[in-house]
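Here, residue 1 is the first one in the sequence, and each next residue gets the next number.
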Amino acid sequence: MDWAIRTEGLTRHFGAIRAVDGLSLQVPRGCVFGFLGPNGSGKTTTLRLLLGLLDPTDGRAEVLGYDTRTQAGEIRARVGALLEHNGLYERLTAEDNLEFYGRIYRLSPEQRGERMEQLLTHLDLWERRRELVGDWSRGMKQKLAIARTLLHAPPLVFLDEPTAGLDPVASAALRDDIAGMARREGATVFLTTHNLPEAEKLCDLVGVIRQGRLLAVGSPGELRARASHPTLIVRGRGLEAGAEALRSRPEVADVALADGEMIVRLADDMEAAPLVSLLVSTGAQVEEVRKDTASLEDVFLALVQEVAE
């Protein structure tokens, strides 16, 4: 497979603190990868290692095929990065900001104009391009910062907590913009966040890190399936008689009753119809059935609590 990022035993110490501890990771090209972890888990340090801004204490990493120790300049010339600061000049207009960065990226005047119009149009900022950035809301500034990051059409983009500090409406809008841009640009996106619902909606693959250690990697669906059992929730009357019948089935791990609701935890991801038929045969009056799985947030909490214990 063609990898955008590969690390082997990547480690970084700050004195006695292991900010990143033996990280081995592979991120395929063309995906949105979410790097999840609580504050202080090593996410930003990993980004800085991948960009060659920090040297590893041990291990190695390749970004777009370049070694982060010896070819950091090549990496930074080819990727886009939005880290803690948005890199915008608030006394300039949006247009002047992108013109400035376009010159730094050595884009021709035609390329700068075309790319600026394309990005600002997709982000609903084109009509406001001549306004001073300092007068904009935080959400609009963050959109412009993403346009700055994508201006030179990089094949790989690093975004460090891009929606941090935004209100829910602005966060949702920016998340949609990132997803749309990733599809249109065909770029690999490496996204750090501790916003689990955001990662679940946006990311093709996620990795969970805590105290510098990688706990799990997979698609959101794979992690949910790996870390939890599917659950069947049944509402109705006369469910008590069917509880014992369900407990005798090998595919049922547990049955609980409360307030006219039966919660059936399944050992396997089986169809609900046979179990509902069994309930009805015992005289239960079933009014509603839904099948549920754990959210990515449930899986994340289970993983970090397991490590803490």
Interatomic distance, [X] atom [atom1] to [Y] atom [atom2] [nearest 0.5 angstrom]:
| X | Y | atom1 | atom2 | value |
| --- | --- | --- | --- | --- |
| Asn86 | Arg148 | CG | CZ | 7.0 Å |
| Lys43 | Ile209 | NZ | CD1 | 8.0 Å |
| Phe35 | His194 | CZ | NE2 | 15.0 Å |

If we ignore angles and hydrogens, is there a donor and acceptor under 3.5 Å between the side chains of [X] and [Y]?
| X | Y | value |
| --- | --- | --- |
| Glu8 | Ser24 | no |
| Thr192 | Asp160 | yes |
| Glu62 | Thr68 | no |
| Arg78 | Tyr66 | yes |
| Trp136 | Glu131 | yes |

Sequence neighbours excluded, which residues qualify as side chain to side chain donor-acceptor pair (under 3.5 Å) partners of Gln285?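 Listed in chain order: Arg237.
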
Can you tell whether the side chains of Arg60 and Asp67 come within less than 4.0 Å, N to carboxylate O?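 A salt bridge is present here (some side-chain N lies under 4.0 Å from a carboxylate O).
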
Could Arg103 and Tyr105 be counted as a cation-pi pair, given that NZ or CZ must be under 6.0 Å from the ring centre and within 45° of the axis?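 No, cation not above the ring by the 6.0 Å, 45° rule.
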
Is it the case that the side chain of [X] and the backbone of [Y] share a donor-acceptor pair, with hydrogens and angles ignored and the cut-off at 3.5 Å?
| X | Y | value |
| --- | --- | --- |
| Arg290 | Leu232 | no |
| His122 | Asp177 | no |
| Thr45 | Gly42 | no |

Could you go through the side-chain contact (heavy atoms from CB on, under 4.5 Å) check for Asn97 and Val133 one step at a time? CA-CA 9 Å; Asn97 266 277; Val133 172; 3.5 Å; yes

